[in-house]
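Sequence positions, counted from 1, serve as the residue numbers for this chain. This is a predicted model, so every value here is computed, not measured.
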Amino acid sequence: MYSFLDINHIFFTVLGYPMSYVEFFGTLFNIWCVWLVAKNKILNWPIGIIGVVLFAALYWQIRLYSDLLEQFYYFVTGFWGWYVWTKGRRDGVELPVNTLKRSAYLMWGAIITGGTVVLTYLTTHLHLWYPAYFPEAASYAMLDAFTTVLSLVATIFMVRKQIENWYLWIFVDIIGIWLYWVKGVHLVALLYVLFLAIATHGLFTWLKIKRAAQKE
């Protein structure tokens, strides 16, 4: 299992780029997960949990520590979201697609700002506090922290089926395309191009679902 998760364990090489097993299958499961979310399918949660485990191994090895911590959060919220969406259908009262109240925008903006500052501080000190586990300093710590906090908030919105989750994911995807490319995990960068397309599709799909529900 350890060799499978090792970024140096190469699955195949394409155009001179060595593709590891962990990057390939982590990418595959995460694409599948996001597509299922866009389609409003409960199966996205267990599929996403598998992708989270694989990407956690990847991010630790390429020193994106905010993203690593983010995967632990996704692991927990994966089970939370799975429970919430399943409970709604089981009880016959499925959670409807909805929007965030305008009065909450300022609060969430403050949470994102404060969370970015705190997470940047933490990740820039991990290699000093725990050198055995984090042997090198974090890369692009503030940008990584910012996209991580946006993703954490977007996940909460997603569990609640609030359309604003897609706006945050679109912003995260745009940044992620550049960040992962410069970090050398090119398939993950291309994955975020696909994520951007799926998030845009998800936004329009959820808006359509919400409009259809309002007409009933």
Side-chain angles (χ1 to χ4, degrees), residues 23-55 67 70-71 73-105 107-109 111-112 146-181 187-216:
E23 183 178 356
F24 179 80
F25 285 101
T27 298
L28 185 65
F29 274 93
N30 278 290
I31 290 173
W32 191 6
C33 170
V34 175
W35 178 253
L36 289 169
V37 176
K39 293 296 184 180
N40 200 27
K41 302 293 184 181
I42 287 178
L43 185 61
N44 86 83
W45 297 108
I47 294 299
I49 289 169
I50 297 172
V52 160
V53 172
L54 295 173
F55 266 22
D67 279 339
E70 182 181 16
Q71 301 312 300
Y73 171 85
Y74 284 158
F75 187 78
V76 174
T77 55
F79 286 99
W80 173 43
W82 195 359
Y83 168 76
V84 171
W85 285 33
T86 302
K87 184 176 184 298
R89 292 193 177 181
R90 186 177 61 242
D91 295 344
V93 186
E94 185 174 351
L95 186 67
V97 172
N98 61 95
T99 57
L100 187 67
K101 293 181 179 179
R102 291 187 180 276
S103 59
Y105 282 13
M107 178 192 73
W108 284 109
I111 288 173
I112 290 170
F146 178 56
T147 56
T148 295
V149 174
L150 284 181
S151 299
L152 303 186
V153 173
T155 304
I156 294 173
F157 292 169
M158 188 173 73
V159 172
R160 296 175 175 176
K161 290 195 176 181
Q162 291 169 323
I163 289 174
E164 286 79 6
N165 86 88
W166 294 115
Y167 295 112
L168 294 185
W169 287 128
I170 288 170
F171 193 24
V172 168
D173 294 339
I174 292 171
I175 297 174
I177 292 168
W178 176 84
L179 179 61
Y180 295 121
W181 188 268
L187 183 62
V188 178
L190 295 175
L191 167 64
Y192 271 70
V193 174
L194 184 56
F195 278 171
L196 178 59
I198 296 175
T200 304
H201 171 71
L203 172 62
F204 287 108
T205 299
W206 282 33
L207 286 170
K208 183 178 179 180
I209 292 172
K210 186 173 185 297
R211 285 195 296 266
Q214 289 174 336
K215 292 178 181 179
E216 295 178 355

Taking all heavy atoms of [X] and all of [Y], pick out the closest pair and write down the distance.
X    : Y    : value
A38  : H201 : CB-CD2, 4.1 Å
Q71  : F55  : OE1-CB, 3.8 Å
V149 : I111 : CG1-O, 4.2 Å
T86  : W82  : OG1-O, 2.6 Å

>> Run the side-chain contact (heavy atoms from CB on, under 4.5 Å) test against F75 and tell me which residues pass, sequence neighbours left out.
In response: I49, V52, V53, F79
> So W85 and N40, side chain to side chain contact (heavy atoms under 4.5 Å, CB included) or not? Walk me through it.
Replying inline: CA-CA 10 Å; W85 285 33; N40 200 27; 3.6 Å; yes
>> Show me the pairs that pass salt bridge (Lys or Arg N to Asp or Glu O under 4.0 Å) and involve residues 25-48, at least two apart or across chains.
In response: none
>> Run E70 and T147 through side chain to side chain contact (heavy atoms under 4.5 Å, CB included) and show every step you take.
In response: CA-CA 10 Å; E70 182 181 16; T147 56; 5.9 Å; no
> Between Y192 and Y180, is there a donor-acceptor pair closer than 3.5 Å when you use the side chain of the first and the backbone of the second?
Replying inline: no
> Can you check whether Y74's main-chain N or O pairs, donor with acceptor, with T77's side chain at less than 3.5 Å?
Replying inline: yes
> Could you walk me through whether T99 and W206 pass the side chain to side chain contact (heavy atoms under 4.5 Å, CB included) check?
Replying inline: CA-CA 10 Å; T99 57; W206 282 33; over 6 Å; no
Which atom pairs, donor and acceptor, lie under 3.5 Å between side-chain atoms of residues 163-175 and protein residues at least two apart or in another chain?
| from | atom 1 | to | atom 2 | distance (Å) |
| --- | --- | --- | --- | --- |
| E164 | OE1 | L100 | N | 2.8 |
| E164 | OE2 | L100 | N | 3.1 |
| E164 | OE2 | Y105 | OH | 3.2 |
| N165 | OD1 | W169 | NE1 | 3.2 |
| N165 | ND2 | Q162 | O | 2.9 |
| D173 | OD2 | L196 | N | 3.4 |

